[in-house]
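First comes the structure, then the notes that go with it.
For clarity, every value in this text was computed on a predicted model and none was experimentally measured. Proteins get letters first, then strands, A, B, ... in listed order; numbering begins at 1 in each.
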2 protein chains.
Amino acid sequence: MVALKPGTSVATGVRGAHNRPMEMSRSLIARNLGAHSRFETEELMAIEAALGRVVRSVEARRDILREGDAPQTIKFVLEGWVSRYKELPDGRRQILSLMIPGDICDANAFILEEMDHSLGAITTVRYAEIGREEFDAIVASSLNMAKALWRSELVTASIQREWTMSVGQRTAPERISHLFCEMYARLAGLGLTQGGSCEFPLTQADIGEATGLTSVHVNRTLQALRREGLVELRARRLHVLDHDRLREKAMFAPSYLHL
Amino acid sequence: MVALKPGTSVATGVRGAHNRPMEMSRSLIARNLGAHSRFETEELMAIEAALGRVVRSVEARRDILREGDAPQTIKFVLEGWVSRYKELPDGRRQILSLMIPGDICDANAFILEEMDHSLGAITTVRYAEIGREEFDAIVASSLNMAKALWRSELVTASIQREWTMSVGQRTAPERISHLFCEMYARLAGLGLTQGGSCEFPLTQADIGEATGLTSVHVNRTLQALRREGLVELRARRLHVLDHDRLREKAMFAPSYLHL
DNA sequence: CGTACGTTTGACGTCCTTCAAGTTGGGTGG
DNA sequence: CCACCCAACTTGAAGGACGTCAAACGTACG
């Protein structure tokens with residue numbers, strides 16, 4: 001049993017400039033989980049209710065969990081972008097994946113003893129936490145729910161493979177284009193795109209860490225992509241100017257997203 | 001229900017030059033799954049029995065499954081090495097991960113509709129197949145079993161992240177050293193190393209595809225590693241000459257293997 | 001004994017990095 | 001509202017890691 005009563009909300013961190021109602025954030029999770037395995041309303045209610053109980057926020061650029069920690073809860077991103085990253089002893093950093101609203105941070109929390117990577121907030125992030133008992137209860141009570149969570153983990157793994165492919169084989173312009181295609185497609189799946197553009201809060205240095213390039217080279221490559229009329233990136237927003245040519249350049253085959 | 005009676009063995013492919021008794025191959029699976037969650041003997045028996053039913057083999061360099069296929073069974077590697085790989089439209093190939101005896105090829109088989117990557121046999125491979133009903137039955141009948149399978153998927157995901165890290169941030173000598181450290185450690189965990197050496201059936205071209213390098217550069221890098229007295233690779237066998245310095249060069253932190 | 005595959009070598013090119021110095025622009029405080 | 005500041009972005013020049021191409025060499029196996 002969880003100590004907090006339904007409806008109790010815990011907020012840490014500083015910012016409170018989020019006016020989007022809670023229901024909307026939570027429905028993104030449902031959309032993420034339920035797109036394929038049609039849930040009974042009842043089952044959806046259970047997770048929706050659970051997600052309202054403990055909500056936290058972290059400021060941009062703060063860590064949520066560090067490599068080596070033993071997490072006590074599973075986290076659902078409600079708002080903002082989270083990066084999964086690793087560091088080498090000499091400081092080289094690699095962003096391994098990006099999590100957006102609706103994504104689950106670590107369903108592994110209770111099986112593997114300690115984190116083999118860190119989680120960092122790209123933007124200010126709001127997330128919901130679920131404890132072990134509650135999580136187990138939800139999973140045990142609904143086969144659909146368990147399948148949906150399992151499926152979501154498998155999609156995450158598929159995306160990770162595509163990232164390995166990207167850094168291993170694609171050139172700089174291809175990698176960056178591919179990152180744009182992927183994030184645009186994922187956000188589009190959540191209804192978070194607006195007329196060919198979407199939020200894109202990564203700095204050029206972040207893009208470098210995600211693609212295995214230096215920020216200098218990211219800068220020059222972005223200029224080239226813009227000169228070609230493919231995309232424009234300004235004010236933390238991505239404007240896709242030519243979807244088809246961008247996809248072609250990236251060799252983006254969206255089936256790996258299993259949308 | 002599965003049509004075959006226990007003990008029935010189906011063999012495809014050509015080679016039969018494998019003298020290792022079946023029990024030994026299967027115990028590697030148990031070791032892989034059970035290392036952490038102590039099984040009841042009874043539970044172990046269930047999976048062991050199931051794994052004996054349908055055994056197949058494929059010749060080296062043949063595909064087991066291709067991207068786009070809809071797999072009907074889950075596959076457990078009994079003997080040999082399997083590669084998971086993807087190709088770009090223009091032919092560039094990336095090996096995404098390597099599977100060795102005891103590894104599960106695709107627990108996702110029944111949840112995601114179609115393969116987003118291919119599986120290829122590096123060596124001659126023997127594997128056991130389990131159908132959907134049987135798999136579901138085993139999982140449903142034993143919580144420990146379900147947890148062990150889940151855990152194994154999570155470890156696979158962790159390894160995939162480390163590979164993204166490698167191709168994204170490590171230099172050629174670091175990447176190759178890291179690959180050697182990882183495979184050696186995983187084989188050691190199964191008792192498949194012999195006095196500082198282990199099987200290593202990848203060609204230099206394969207190593208290139210796994211690390212995102214060309215075979216030419218792999219060749220020159222291997223020569224350098226050998227000159228430094230770190231490793232030697234001949235006759236499909238890896239000889240680790242200086243474990244400590246190899247690990248240091250690779251920045252190998254084995255915790256991600258969760259052994 | 002030839003053939004095929006894997007490995008090795010050399011010369012040369014290029015993509016990306018490094019270093020180091022600006023420039024821009026959004027946010028903050030006076 | 002302006003001045004300032006810092007982080008993010010931009011630019012140039014030079015170097016290095018790795019790729020490409022092409023040929024030769026070794027060695028297992030039929």
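With 3.5 Å as the limit, one finds no donor-acceptor pair spanning the side chains of B/Arg126 and B/Ser57.
Between B/Gly120 and B/Asp63, the shortest heavy-atom distance links the atoms CA-OD1, 3.7 Å.
Chain B approaches DNA chain C over the interval C/dG6 to C/dA11, counting the first and last nucleotide 5' to 3' with an atom under 4.0 Å from its heavy atoms.
Going from atom CD of A/Gln94 over to atom OG of A/Ser83 covers 10.5 Å, rounded to the nearest 0.5 Å.
Taking atom CZ on A/Arg236 and atom P on D/dA8, their separation rounds to 7 Å, with Å as the unit. Atom CD in A/Gln204 sits about 12 Å away from atom C1' in D/dT11, given to the nearest Å.
In this structure, B/Ser166 contributes its side chain and B/Arg175 its backbone to no donor-acceptor pair below 3.5 Å. At distances below 3.5 Å, not a single donor-acceptor pair connects side-chain atoms of A/Arg84 with backbone N or O atoms of A/Leu119. In this structure, A/Gln160 contributes its side chain and A/Leu96 its backbone to a donor-acceptor pair below 3.5 Å.
Within residues 209-228 of chain B, the residues approached by DNA chain D to less than 4.0 Å at the level of any non-hydrogen atom are B/Gly212, B/Leu213, B/Thr214, B/Val216, B/His217, B/Arg220, in residue-number order. Annotation: proximity of residues 171-180 of chain A to DNA chain C (heavy atom, distance under 4.0 Å) is found for A/Thr171, A/Ala172, numbered in ascending order.
Note on B/Glu209 versus B/Arg92: no salt bridge recorded, every NZ/NE/NH1/NH2 to OD/OE distance being 4.0 Å or above. In this structure, B/Glu67 does not pair ionically with B/Lys86, as no charged nitrogen and carboxylate oxygen lie closer than 4.0 Å.
Here A/Phe180 and A/Phe200 bring their ring centres to under 6.0 angstrom of each other.
Residue B/Tyr256 is tested with B/Arg161, B/Glu162, B/Glu182 for a side chain to side chain donor-acceptor pair (under 3.5 Å); the sole match is B/Glu182.
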